Amino acid sequence: MIGNTLRRYQPERRYCVADYETTGLHLFESKPWQLAWIVADAKEVYEEEMHYIWFADLKVSAQAAAVTGFDYQVYKDQARPPREVLDRFEERPGGFQFERSR
């Protein structure tokens with residue numbers, strides 16, 4: 001049957017969906033200042049988390065702030081170190097594994 005391997009036909013299988021907010025689209029200079037994810041199956045959401053990622057030199061343009069709802073004071077109060085947020089994300093089922101630099 002076509003599509004029988006799709007997740008909607010596997011209700012017991014969990015997955016992780018993640019979304020980042022970044023300072024731009026440049027692959028080397030943009031910083032991911034917010035990460036959110038959910039862990040779910042076809043019927044239930046098991047986990048929802050959102051984390052701000054701290055960068056002391058973060059620069060979000062006024063236009064980007066307006067589009068994303070960025071508030072620097074909220075960011076500054078709630079942001080955590082990048083390594084802490086990445087470690088938390090990598091614990092998730094389906095969380096991406098990144099190569100760690102030494």
Side-chain angles (χ1 to χ4, degrees):
M1 174 160 118
I2 295 175
N4 63 354
T5 59
L6 297 175
R7 290 191 193 269
R8 66 181 166 183
Y9 298 115
Q10 302 171 14
E12 72 289 343
R13 189 167 177 180
R14 289 187 185 185
Y15 55 92
C16 179
V17 178
D19 181 49
Y20 287 92
E21 293 296 341
T22 68
T23 57
L25 298 176
H26 192 282
L27 295 177
F28 296 103
E29 294 179 11
S30 292
K31 293 181 173 71
W33 56 267
Q34 183 182 34
L35 169 61
W37 67 81
I38 65 168
V39 176
D41 62 21
K43 297 180 182 180
E44 186 176 348
V45 174
Y46 297 95
E47 180 180 326
E48 295 178 68
E49 290 194 31
M50 186 283 298
H51 298 274
Y52 292 111
I53 304 167
W54 177 252
F55 292 98
D57 61 345
L58 185 73
K59 294 179 180 79
V60 178
S61 71
Q63 295 159 328
V67 170
T68 62
F70 179 79
D71 180 323
Y72 185 78
Q73 191 59 48
V74 171
Y75 168 77
K76 184 178 174 185
D77 292 344
Q78 297 180 15
R80 308 298 308 155
R83 176 56 55 202
E84 183 178 316
V85 176
L86 179 59
D87 287 345
R88 178 75 181 134
F89 182 57
E90 286 182 337
E91 294 171 1
R92 310 286 48 86
F96 300 102
Q97 298 295 314
F98 295 96
E99 182 177 323
R100 295 175 185 247
S101 58
R102 296 186 189 261

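Numbers here simply count residues along the sequence, with the first being 1. Here the structure is a predicted model, which is why all the values come from computation and not from measurement.
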Q: To the nearest 0.5 Å, tell me how far Glu49 CD sits from Ile38 CD1.
A: 12.0 Å
Q: Quick one: pull up OG1 in Thr22 and CG in Leu58 and give me the separation to the nearest 0.5 Å.
A: 10.0 Å
**Q.** Thr23 side chain to Lys31 backbone, donor-acceptor under 3.5 Å
**A.** yes
Q | Side-chain heavy atoms of Glu84 within contact of Asp87, under 4.5 Å | A | no
**Q.** Least distance between heavy atoms, Ala64 atom then Ser61 atom
**A.** N-OG, 3.0 Å
Q) Does any non-hydrogen side-chain atom of Tyr72 lie less than 4.5 Å from one of Val60? A) no
Q: Determine the sole option in Trp54, Tyr20, Phe70, Phe55 for which the ring pair (Phe, Tyr, Trp, His ring centres under 6.0 Å) test with Trp33 is passed.
A: Phe70
Q: Please work out whether the ring planes of Phe28 and His26 are parallel, tilted or perpendicular, with thresholds of 30° and 60°.
A: perpendicular
Q) Should Trp37 and Glu47 count as side-chain neighbours, where that means a heavy-atom distance under 4.5 Å? A) yes
Q) About how many Å separate CE of Met50 and CD of Glu21, when rounded to the nearest 0.5 Å? A) 10.5 Å
Q | Rounded distance [0.5 Å steps], CD in Gln78 versus CG in Asp71 | A | 9.5 Å
Q | Donor-acceptor contact present, side-chain Tyr75 to main-chain Ile53, <3.5 Å | A | yes
(Q) A side-chain contact here means heavy atoms from C-beta on lying under 4.5 Å apart; do Arg14 and Tyr46 qualify? (A) yes
Q: Using a 4.5 Å cut-off on heavy atoms from C-beta on, say whether the side chain of Gln63 contacts that of Val67.
A: no
Q: Check Asp41 against Arg13 and note the closest heavy-atom contact, atom names and distance.
A: CB-O, 3.4 Å
